[in-house]
Structure formats: C-alpha cells, structure tokens
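Notes follow once the structure below has been shown.
Reminder, nothing fancy here: chain letters follow the sequence lines and each chain counts from 1.
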Protein chains: 2
Amino acid sequence: MVQRRSGHVTLLDIARACGCSVSTVSIVLSEAPLSKNVAAATRERVREMARHLGYHPDAYARSLRRRRSQTIAVLAYDLSDPFCIPLVQGIQSGLKPASYLPLLMDAQTKRKLFDNYLRMILERRAEAVIVIASWIFEETNLLADIEKNKVPIVIIGRDLTEKKINSMLIDNQAGGAMAFTHLATMGHRRIAIIRGPEELLDSAPRWKGVQQAAAQAGVVIDERLVLQLPSLTDSAFGFEGGLRAARKLLAGKQSFTAVLAFDDMTALGVIRALSEAGRRVPEDCSVIGFDDVLPARVATPGITTVHQPLHEMGLQAATWVMEEIKVRQAGTQGRVRLEYAQPELLVRASTTRAAEDGKRQSQA
Amino acid sequence: MVQRRSGHVTLLDIARACGCSVSTVSIVLSEAPLSKNVAAATRERVREMARHLGYHPDAYARSLRRRRSQTIAVLAYDLSDPFCIPLVQGIQSGLKPASYLPLLMDAQTKRKLFDNYLRMILERRAEAVIVIASWIFEETNLLADIEKNKVPIVIIGRDLTEKKINSMLIDNQAGGAMAFTHLATMGHRRIAIIRGPEELLDSAPRWKGVQQAAAQAGVVIDERLVLQLPSLTDSAFGFEGGLRAARKLLAGKQSFTAVLAFDDMTALGVIRALSEAGRRVPEDCSVIGFDDVLPARVATPGITTVHQPLHEMGLQAATWVMEEIKVRQAGTQGRVRLEYAQPELLVRASTTRAAEDGKRQSQA
DNA sequence: TTCCTATATTCAAACGTTTGAATTGGTTGC
DNA sequence: GCAACCAATTCAAACGTTTGAATATAGGAA
C-alpha cells in the first residue's frame with residue numbers, strides 16, 4: 001500500500017508503480033479521447049494498479065484544472081419543513097443522470113446561515129443554484145453576488161423573473177379556488193378561513209383564489225371567520241398557528257362547518273383544537289389543507305388537501321439549470337423562465353358533506 | 001468589473017489592480033500570520049479592491065493547496081424519513097462553529113446511490129464521515145474504502161465498534177421496556193405488539209426490552225398478538241406496514257386494549273386501521289409509538305411515544321468527528337467510541353388507562 | 001535511404017491558492 | 001562604515017489533475 005505524504009494515492013503513485021508517466025495514467029483513468037491510442041496492455045496494467053492501490057481521483061485537483069465543479073447547489077430554507085423534502089428529492093432525481101452532485105444546504109430559517117451558505121456556494125464554484133425559498137430572505141445578495149458571477153439560478157416559490165431569475169411557482173390562486181370550491185360543493189356555507197402570514201408570498205394569491213371561488217359559488221365569506229397566521233419565524237410550522245387560530249375561532253360567536261386552512265400543518269393544528277373542543281373531524285367540522293405533506297397523509301383522518309407536484313417541480317428545476325448550463329457554455333443567453341405548476345385537489349377523509357343545511361353549530 | 005477567462009476574479013486580478021504580488025494579496029485576504037507584517041495601507045487597499053471586484057476565494061484551489069477540504073460528509077439513508085431530519089440538523093449545529101461544511105447526501109434507500117455517494121465522499125476528500133444508517137447497506141465498502149483512507153467515521157444507528165468504527169445508538173432495549181411498562185402501568189394486559197422488520201437492527205433489542213418489561217410487570221404476551229413488519233424496502237415508512245398489521249390484528253379473534261407499535265409511522269398506520277374499524281384512540285384502544293417524529297407530534301391525538309434525543313445525538317456525532325480529526329492530525333490514534341443514547345417516555349394523548357379490567361374488546 | 005503516417009507515450013504548462021525561503025530597502029548598533 | 005537587524009514584499013515551488021503539443025518508435029510506401 002503506497003501512501004504519499006497527503007495520505008491519498010495519486011496519479012504519480014500509479015505512474016511510478018507502472019513505470020509510465022502521469023499523463024498516460026491520467027489519460028487511461030479519465031478515459032480521455034486519447035486513451036484509444038494507449039496500448040491495451042498498458043491500459044489494463046494501469047487500471048489494475050489503480051484498483052490495487054485504491055486510487056480515487058481528487059475532485060479538487062480535477063475541478064481546478066477542468067474548471068468545472070460538477071456541482072449544483074440546492075439551498076433550502078428549512079429541511080425540517082416536510083414541504084422541502086419532496087422538492088429536494090425531485091431535484092436529486094433530476095441531477096443524477098447527468099452526475100451532478102447536489103450540494104444540499106439547509107438554512108434552517110436563519111438569515112445568517114443563509115448568507116453563509118451563499119458565500120460557500122460562490123467559493124465552491126457551484127455551476128448553478130436552486131433555491132427553495134420562503135419569506136426568510138430578501139433577494140438582495142442572491143441577485144447581487146450569484147447572478148453577477150453568471151451562475152444560473154432557479155428559485156422555487158417566488159417570482160423573481162423581473163430580476164432575470166428563473167422562477168417556479170405553484171398556482172396558488174387556482175389551488176385556493178379548488179379548496180374553497182370543494183367545500184362549497186360539499187354544501188358548506190359557513191366556512192372559516194385561515195390565511196397565511198403576510199410575509200409569505202403564497203398567502204395573497206391563495207386568498208384571492210378563495211375569494212374568487214366564493215363569488216363564483218355564491219357563498220359570502222363572513223369576515224369574522226377569517227383569520228391570518230402571524231409570521232412564523234419559529235419552527236412551529238403553522239401547527240401552532242393553526243391551533244391558536246382555531247381556538248380563537250371556537251371561542252368566537254360565529255358558527256362554522258368547515259375550515260379552510262392555509263396549509264397542511266395549519267390544518268393539523270386546527271384539528272387538534274377542534275378535538276380539544278370536542279368537535280370531531282369531519283363529522284362536526286370539515287378541514288382542508290394545502291401542500292400534501294407527509295404528516296397530512298399519515299394522520300387520521302387523512303387530510304383533504306391541495307396537492308403540489310413537488311417532486312415534479314424539483315425535477316423540472318434540475319432540468320432547467322442543467323439546460324441553462326449548457327446554453328451558457330455555448331455562449332448564448334437563455335430566456336428567463338417562469339412556470340406555474342398546477343395543483344390538484346386530493347380528497348381524503350377530513351372533509352365531508354355539511355350536516356343538514358347548517359344546523360350543526362360551533363359550540364363544544 | 002475585471003473578469004478572467006475562467007469567469008471568476010482571482011488573486012492575480014487583485015494583485016494587478018493593486019500593483020503588488022499575488023503573495024501579498026493572499027497573505028492579506030487569508031489573514032495568514034504574516035499579514036501582521038503587511039503595511040496597513042497595503043492591507044486596506046487589497047481588501048478594498050477584493051470587495052470591489054467581488055472576489056471569492058476558490059475553494060478548490062485552496063483545498064488542494066492546504067490539503068484540507070473543510071468538509072464533513074453526512075450520508076443519510078433517506079431524507080424523506082422524518083427520523084433523519086433532526087439528526088441532520090443536530091449535526092449541522094455541531095459543525096457550524098468549526099465552520100466545517102456538511103456535505104449532505106441522501107441515499108434514498110437505494111443501495112446504488114449509497115455506493116455512488118461513498119465514492120464521491122472519497123473523491124471530495126471529506127475529512128470525516130457521519131453515516132445515518134439503516135439496514136440498507138451492508139457495511140462492506142464503508143469499512144473497506146473509507147476507513148482505509150484514514151477518514152474518521154461515526155455511524156448512527158448501528159454498532160460497528162468491532163470494525164473499529166465509532167458507533168452511536170439509541171438504547172432500544174430500555175426504550176422498548178419503557179413503552180411496555182407505560183402500557184402495563186395504565187392497566188393494559190392484552191397488548192398487541194408490532195415488531196420491527198428483521199433486517200433492522202433496532203428490532204431485536206427493542207423486542208427484548210418489551211419482553212423483559214412484560215416479565216417484570218407480570219404480563220404475559222399473547223403470541224397471537226405479536227406481529228412482525230415485513231422489510232420495508234419501499235418508502236412506505238412503516239405506515240403501510242402498521243396499517244396492514246393492525247388490520248390483520250383486528251380481523252383476528254384475539255382482543256386487545258393497546259398496541260405497541262415499532263415506531264411512530266407504524267403507530268400512525270395502526271391508528272388508521274383502528275379508525276377504519278370504528279375503534280377510537282385512545283378510548284377504545286391505546287397506541288404507543290417510538291422515535292418522536294414530526295408526524296407523531298402533530299397528529300391528533302398526539303402519539304405517546306419513546307422520544308429519541310436525535311438532535312443531541314447529531315450534535316454529539318459532529319463533536320466526535322471533529323475531535324477525532326484533531327486527534328489524528330496530532331498523529332495519535334483515538335479510541336473507538338460507543339454510546340447508547342437514553343430514550344425518554346413522552347406521554348401524549350394516544351394512550352390512556354385500560355377501560356375497566358379488559359371488558360372493552362376487539363370487535364368493531 | 002527518406003519521407004509519411006499511425007501508434008504509443010511523454011513534456012510541460014496551466015488551474016488558483018498557500019507558504020517557506022529569499023529579496024529588498026532602510027535603520028540601528030557599535 | 002560595516003554588520004546586523006527589521007519591516008515589507010516577492011519568489012518559486014507545490015498541491016493533483018488535464019491536455020495541447022511534442023517526441024519516439026515502428027511499419028510501410030516511394
């Protein structure tokens with residue numbers, strides 16, 4: 001076992017052991033075009049020796065020389081949000097065939113961490129960046145530092161096309177409408193609505209969709225049944241928010257037969273509150289969520305929700321950046337892309353037809 | 001904006017712009033010991049220019065030269081298992097102060113992906129590896145390739161001390177005992193038990209703990225109420241497994257007032273099945289889980305479970321590897337470590353006292 | 001023989017850093 | 001006035017690859 005001072009086997013070690021030059025070894029092992037000129041015997045000898053010595057090419061040296069890191073940074077705002085995982089895995093699936101290494105980073109909803117990672121992305125010469133966004137970061141540095149370095153970016157969950165950044169979003173308006181329409185179709189008229197926090201860009205369009213669907217269904221939304229989540233800086237994920245909002249709702253005078261929650265975690269909080277108050281879901285009150293995250297799938301009753309095609313979106317984002325890397329290598333400048341993914345209603349067990357016409361009321 | 005052919009600003013660019021040598025620039029910007037000798041004026045000029053040009057050191061060149069990657073690989077068997085996330089975040093927290101970059105990799109329960117990432121870890125010259133294990137991988141390559149390269153390893157969830165790998169485990173036996181004792185204390189006598197899949201190393205000790213606690217409590221375990229999960233190669237996470245197991249249980253003749261599930265996801269599946277059969281939790285049947293993952297916390301009723309201090313374990317693992325890196329740099333060889341983390345019973349709402357003495361029985 | 005082509009291999013420079021050793025001037029000590 | 005020192009800076013080699021150009025060897029055609 002030959003070992004050099006660095007502790008790793010290098011091309012030089014192999015070259016010496018084979019009695020040939022470093023170049024030859026490199027050509028053979030990296031399967032360069034020239035390698036078809038290398039004598040079959042030599043080729044085999046080199047390969048054998050590399051295997052025998054346990055050689056692994058040094059990614060740093062290689063990237064330095066090739067000026068390609070074969071790396072794509074994936075910056076998620078918080079991995080502990082179950083929302084992120086399918087996206088990340090989708091991205092991973094998309095990247096694998098091209099053998100890019102996803103450099104997965106978790107900002108843990110901390111602005112400072114986020115900036116730190118941004119710096120690292122630059123230093124590690126990531127060839128592209130995919131950002132899974134939330135309200136945590138103003139886009140300032142992102143634009144200033146990364147785009148300046150001509151690295152393709154895709155941002156998921158935010159429209160930054162006017163800053164020339166490829167953006168991928170869910171059609172929140174359509175989703176919000178779907179959710180409301182579902183409840184209305186089930187006969188609900190007194191529907192409580194928990195809106196998302198103001199800072200979150202999903203909140204407004206989703207609310208707009210809800211209003212639009214209400215108008216279309218001829219249902220009037222009782223202002224007193226509309227609440228807004230506070231800005232969830234902590235890791236409460238909306239569960240806590242939903243819990244508190246629903247408690248407030250239950251304490252109020254207004255009756256309701258259904259709750260349209262901002263997202264699944266909120267919905268789960270709502271269900272907890274309803275349960276505390278002795279109201280069962282969906283018999284006494286229907287609850288609908290948004291996102292279709294794991295906890296909503298495995299809860300009982302399963303949460304009716306608006307599914308986001310997260311895996312597909314991740315895959316798409318990966319495809320985009322890889323295409324753009326190619327395009328930029330060719331010297332041309334691609335168009336800025338914008339896509340609204342279409343959500344889908346997923347009826348599970350947390351919603352049902354309204355009891356009678358509205359007789360079953362709020363009190364515990 | 002000076003740009004070189006590589007598209008990135010280098011030390012040379014700054015040197016030229018400042019009219020000094022690359023060395024000086026390097027010394028200033030990397031705050032080498034020598035930098036105290038550099039004239040204050042020069043220092044300022046260089047810094048200013050670096051900022052102005054948007055310089056970011058090339059991590060590849062730097063690592064190559066310094067022979068340190070400042071990188072620690074974190075290889076998780078599957079990020080979509082909510083179990084992994086707190087571990088990962090704990091590791092992250094531990095690594096941050098030392099400014100190591102966690103190279104987060106998600107094997108997605110695929111053996112091939114796992115091997116691929118292992119290779120990349122070697123090529124990227126990670127200074128240490130933390131593996132969040134499951135039954136997916138035989139430890140073969142892990143030992144053969146990584147340890148051979150003298151890279152410190154910590155494995156979480158498996159005892160590989162005999163192969164000289166630092167191991168961190170949960171005390172499954174104690175945990176299993178806790179869970180059973182809790183149910184017994186609540187007056188349950190007819191307790192169904194869903195054991196973990198055979199390949200999972202947690203399964204055996206957990207079961208042993210259960211048996212031991214049963215003996216101690218003077219409760220006999222009815223063999224006919226003991227089921228085992230199949231090997232969950234797919235992403236079903238035990239939810240599906242728990243669902244099916246509980247259905248089988250319910251279809252059987254044996255009555256039971258409580259179910260001790262292998263883990264939280266299993267417990268959630270069990271609850272779904274019970275609900276299908278019209279049995280309520282915890283009134284008609286208590287259910288206890290294991291792990292304390294997010295879905296168990298936000299479900300209603302909240303799942304009583306055996307909490308694993310995952311965040312702390314991750315933190316600890318990070319500390320270990322960083323210490324070992326230091327130790328090995330000093331030339332000495334550290335001892336192989338083994339630690340059993342202590343679980344903790346977390347009583348929530350899915351368990352309650354047995355109704356009467358066992359009158360409430362199985363039928364739907 | 002000489003020139004040509006093809007095959008097999010090597011040279012040497014480059015990628016962007018870091019760093020031990022060397023080089024400048026300019027003081028100071030004696 | 002010369003050695004000796006200091007501060008400020010630079011040289012040059014090295015990290016481990018890759019790769020365009022160069023070289024060497026051989027077989028064949030002229």
Results of side chain to side chain donor-acceptor pair (under 3.5 Å) for B:Glu48 - residues two or more places apart only: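 Side chain to side chain donor-acceptor pair (under 3.5 Å) check on B:Glu48 returns B:Arg51.
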
Tell me, please, which residues at least two apart from A:Thr24 pass side chain to side chain donor-acceptor pair (under 3.5 Å).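 Counting only residues at least two positions away or on another chain, A:Thr24 forms a side chain to side chain donor-acceptor pair (under 3.5 Å) with A:Ser21.
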
From A:His52 atom NE2 to A:Ile14 atom CD1, the distance as rounded to the nearest 0.5 Å: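 CD1 of A:Ile14 is found 11.5 Å from NE2 of A:His52.
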
Separation of B:Ile132 CD1 from B:Tyr77 OH (nearest 0.5 Å):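 Atom-to-atom, B:Tyr77:OH and B:Ile132:CD1 are 8.0 Å apart.
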
Within residues 24-31 of chain A, find the residues that approach DNA chain D with a heavy atom at under 4.0 Å, and present them sorted by residue number.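 A:Ser26, A:Ile27, A:Ser30 - these, ordered by number, are the residues of the stretch whose heavy atoms sit under 4.0 Å from the strand.
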
In whole angstrom, give the distance that lies between atom [atom1] of [X] and atom [atom2] of [N].
| X | N | atom1 | atom2 | result |
| --- | --- | --- | --- | --- |
| B:Gln70 | C:dT17 | CD | C1' | 15 Å |
| B:Arg67 | D:dT17 | CZ | P | 12 Å |
| A:Arg68 | C:dA14 | CZ | P | 22 Å |
| A:Asn37 | D:dA22 | CG | C1' | 14 Å |
| A:Leu11 | D:dA14 | CG | C1' | 16 Å |
| B:His56 | C:dG16 | NE2 | P | 16 Å |
| B:Leu12 | C:dT17 | CG | C1' | 12 Å |
| A:Ile14 | D:dG16 | CD1 | C1' | 12 Å |

Is a donor from one side chain sitting under 3.5 angstrom from an acceptor on the other, for A:Arg335 and A:Thr161?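 No - no donor-acceptor pair under 3.5 Å links their side chains.
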
Regarding B:Thr71 and A:Arg124, is there a side-chain donor-to-acceptor distance under 3.5 Å anywhere?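 A donor-acceptor contact under 3.5 Å links the two side chains.
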
If we fit an axis to the first five pairs and another to the last five of the helix from C:dT1-D:dA30 to C:dC30-D:dG1, what angle do they make, to the nearest 10°?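 One end axis against the other gives 80°.
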
When you measure from the side chain of A:Tyr55, which nucleotide among C:dT9, D:dT17, D:dT9 comes out closest?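 Selected nucleotide (nearest to the side chain): D:dT17.
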
Selected nucleotide, minimal atom distance to A:Ser21 side chain, candidates C:dC15, C:dT10, C:dT17: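 Looking only at heavy atoms from C-beta outward on A:Ser21, the closest nucleotide is C:dT10.
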
Residues B:Arg337, B:Glu323: salt bridge by 4.0 Å N-O rule: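 Result for this pair is yes, salt bridge flagged.
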
N/O donor-acceptor pairs under 3.5 Å from side chains in residues 84-106 of chain B, not counting sequence neighbours:
unit_1, atom_1, unit_2, atom_2, d
B:Gln89, NE2, A:Asp78, OD1, 3.1
B:Gln89, NE2, A:Asp106, OD2, 2.7
B:Gln92, OE1, A:Tyr117, OH, 2.9
B:Gln92, NE2, A:Asp106, OD2, 3.2
B:Ser93, OG, B:Gln89, O, 2.8
B:Tyr100, OH, B:Arg68, NH2, 2.8
B:Asp106, OD1, B:Leu79, N, 3.1
B:Asp106, OD1, B:Gln108, N, 2.9
B:Asp106, OD2, A:Gln89, NE2, 2.7
B:Asp106, OD2, A:Gln92, NE2, 3.2

Please list, pair by pair, any protein nitrogen or oxygen found under 3.5 Å from a nitrogen or oxygen in nucleotides 4-6 of chain D.
none

Partner residues of A:Arg45 under the salt bridge (Lys or Arg N to Asp or Glu O under 4.0 Å) criterion, sequence neighbours left out: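 Checked A:Arg45 against salt bridge (Lys or Arg N to Asp or Glu O under 4.0 Å); zero matches.
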
Name all residues meeting the salt bridge (Lys or Arg N to Asp or Glu O under 4.0 Å) criterion together with B:Arg119; count only those two or more places apart in sequence or in a different chain, and write none if there are none.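 B:Glu123.
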
Heavy atoms, side chains only, cut-off 4.5 Å: are B:Ile155 and B:Asn166 in contact?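 The answer is no, as the side chains (C-beta and beyond) never meet within the 4.5 Å cut-off.
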
When the nearest nucleotide of DNA chain C is assigned to A:Lys36 and to A:Ser23 on a heavy-atom basis, which residue is associated with the more 5' position?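 Per heavy-atom nearest nucleotide, the more 5' residue is A:Lys36.
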
Heavy-atom closest contact (A:Gln316 atom, A:Glu339 atom, distance):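 Looking at all heavy atoms of both residues, the closest pair is NE2-OE2, 3.8 Å.
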
Check nucleotides 25-27 of chain D against the protein and report each pair of N or O atoms closer than 3.5 Å, with its distance, or say if there are none.
none

Hey, which sits more toward the 5' end of DNA chain D by its nearest nucleotide, A:Leu34 or A:Arg66?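 Taking each residue's closest nucleotide, the earlier one in sequence belongs to A:Arg66.
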
Please work out which residues in residues 58-65 of chain A have a non-hydrogen atom less than 4.0 Å from an atom of DNA chain C and list them by number.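 Within this stretch, A:Leu64, A:Arg65 sit under 4.0 Å of the strand.
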
Sequence neighbours left out, what passes ring-ring contact (aromatic ring centres under 6.0 Å, His included) with A:Phe83? Give chain and number order.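 Expected list: none.
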
Option from B:Val74, B:Val321, B:Ile72, B:Val151 for which side-chain contact (heavy atoms from CB on, under 4.5 Å) with B:Val129 holds: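 Result for side-chain contact (heavy atoms from CB on, under 4.5 Å) with B:Val129: B:Val151.
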
Should we say atom CD of B:Glu162 is surrounded by more than 12 heavy atoms from elsewhere, each under 6.0 Å from it?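 Not more than 12 within 6.0 Å, no.
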
Can you find a side chain N or O atom of A:Thr10 that sits less than 4.0 Å from OP1 or OP2 on D:dG16?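 Negative; the distance criterion is not met.
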
Salt bridge (Lys or Arg N to Asp or Glu O under 4.0 Å) contacts in which one or both residues fall within residues 55-65 of chain A, not counting sequence neighbours: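 Qualifying pairs, neighbours excluded: A:Asp58-B:Arg125.
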
Examine distances only and state if a side-chain atom of B:Ser167 and a backbone atom of B:Ile165 form a donor-acceptor pair shorter than 3.5 Å.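 Yes.
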
